[in-house]
Amino acid sequence: MNYCFNDKLEIVGGNRLFGTFKNQTSKNAVLPIMSASIMTEGVVEIRQVPDILDVKNMKKILRKLGVKVTKKKDSLLLDSSKISRFQVDENLSKTMRSSIFLLGALLSRFKEAHITFPGGCKIGNRPIDLHIDALKKLNVKVIEDESGFFFDGRSAKPNKIKLKIPSVGATENIVQFAVKLKGKTEIFNPAREPEVVDLCNFLNSMGAKIVGAGTKKITIYGVDSLFGIQYTPIKDRIVSGTIMIATALTKGKVTIIDGCAKENESLIKILSSIGCKIDLENDIIKVSREGELKNINIVTGYFPKFPTDLQSIILPLLCVAEGNSKVQELVFENRFLIAKELNRMGANISLSNAHTALVRGLSAPRGRTVKATDLRGGAGLVLAGLIAKGKTIISDVHFIDRGYDHIEHMLSSLGANIRRVCQKQKSR
Ligand code: UD1
């Protein structure tokens, strides 16, 4: 990815999307898999790695730890045999939330880890209390100071852990740490997201013994060591969902290959019920829309419920539906940052509290200069731009680049009038 930090996207609205889209690999699967690769001294090859900013930052973090990272076409070879540090670089850790996944992997490898508070999108407080409480249950000593947290897992023991919230990150950290903990660790109420299942599949391919991923209880039987493997992570259900919604918005007709139909059941149900036509065959999703859209109430939740990551993306669709819709965001607070920018484009969204948005339908978006405030909110603005009258200019595209492998290419290949404006071409 050779773009400048200050890139903008320019979209001239009005084109309908047509054609075939091949889905990218999942950001939320590939990042924890990259960090889990340090749990073996063998070489791990991760295939079909997307060209996104979060991967680029994770590569930097791993290199700082001493991992040899080599790119081979769209594969990454990660060699952690010489890794010697158990401290995540503070500045890099602030660039993304996923640096927290290194906690479980580092503890597993070194029995010690030092991390600073992780960064990421500004969607709520995003505490790490569940990660810390769970590790304490495994007898890890946690010392907090002004530089962050120091974890000492030298006298760790397996245990039963009940998560009060099925946190994706906490589940992934416990799993990673418990994989080499002698004995049986059980996680009750774990996250059941497909990306958690994929991490467990990856670890099992490396020699781990994890049972029950994707169900209400995960059991981990400790093993002595893991070995290097080649692995292709799952596809990105949120990117596929974005294309489905973009097609519905523009009254288009798109075929999505590797569309994550099973993982996107909640979205497909919603789109079908408001007036889209969706045909599924194997993992090919054919989506189209001709008539008007009906309004609907949406509540986000943990998998398999409607994902919080698609909430900002579906908002522009609800803005043009007939009638009013209500959206309840039950996973993160502060995830309606996009609403203000959409309103500037002519939408009528009011927040009755931090968790509830009321969307008045039949608005006609107008092109404006708007600002991406977070990854998925930024993608939502791009979608609004596709149907806005006139030109939309979106700044702070670096948020969108965190998770979309060149969103402008994805959409222009389907007929959208979208281009990236970069003043100075330099690598980041
Ligand atoms: C992951 C995803 C993110 C997605 C989210 C929910 C990655 C890289 N990111 O984020 O895209 O939106 O899952 O599906 O995979 N919580 C606590 N204490 C904790 C941890 C979490 O209270 O220690 C709360 C959070 O504030 C939030 C909820 O639990 O309200 C779910 O968060 P969590 O599942 O941990 O999200 P992430 O792993 O950060």
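Only heavy atoms go into these numbers, but all of them, side chains included; no hydrogens, no water, no symmetry mates. Indexing begins at 1, ligand by ligand and atom by atom, following the structure's order. Here the structure is a predicted model, which is why all the values come from computation and not from measurement. This chain uses plain numbering: 1 for the first residue, then up along the sequence.
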| message | Among V30, I100, T308, L375, which one puts a heavy atom closest to atom 6 (C) of ligand 1? | response | T308

| task | Let me see the working for R237 and E195 under salt bridge (Lys or Arg N to Asp or Glu O under 4.0 Å), right down to the final yes or no. | result | CA-CA 10 Å; R237 62 194 166 108; E195 297 78 19; 2.8 Å; yes

| query | When you look at E329 and T308, which way does the side-chain hydrogen bond (donor to acceptor under 3.5 Å, both in side chains) test go after all the steps? | reply | CA-CA 7 Å; E329 170 57 65; T308 172; 3.0 Å; yes

| request: Calculate, to the nearest 0.5 Å, the distance between atoms NZ and CG belonging to K72 and L77 respectively. | output: 5.5 Å

Hey, is [X] one of the residues with a heavy atom under 4.0 angstrom from ligand 1?
X: A191; value: no
X: L31; value: no
X: E329; value: no

Please work out whether any backbone atom (N, CA, C, O) or any side-chain heavy atom from C-beta onward of [X] is under 4.0 Å from ligand 1, and answer side chain, backbone, both or neither.
X: E195; answer: neither
X: D129; answer: both
X: D309; answer: side chain

| query | Looking at D309 and R335, does any basic side-chain N land under 4.0 Å from a carboxylate oxygen? | reply | yes

| Lys/Arg-Asp/Glu bridge criterion (N-O < 4.0 Å) met for D129, K164 | yes

| task | Check the surroundings of atom CZ in R63: do more than 12 heavy atoms from other residues, nucleotides or ligands lie under 6.0 Å from it? | result | yes

| Any idea which atoms of ligand 1 are less than 4.0 Å away from a heavy-atom of G169? | 35 (O), 38 (O)

| query | Backbone or side chain, does any N or O of S167 fall under 3.5 Å from an N or O of ligand 1? | reply | yes

| message | Applying side-chain hydrogen bond (donor to acceptor under 3.5 Å, both in side chains) to R47 and Q230, what does each step give before you reach the verdict? | response | CA-CA 7 Å; R47 291 174 167 161; Q230 296 173 324; 3.0 Å; yes

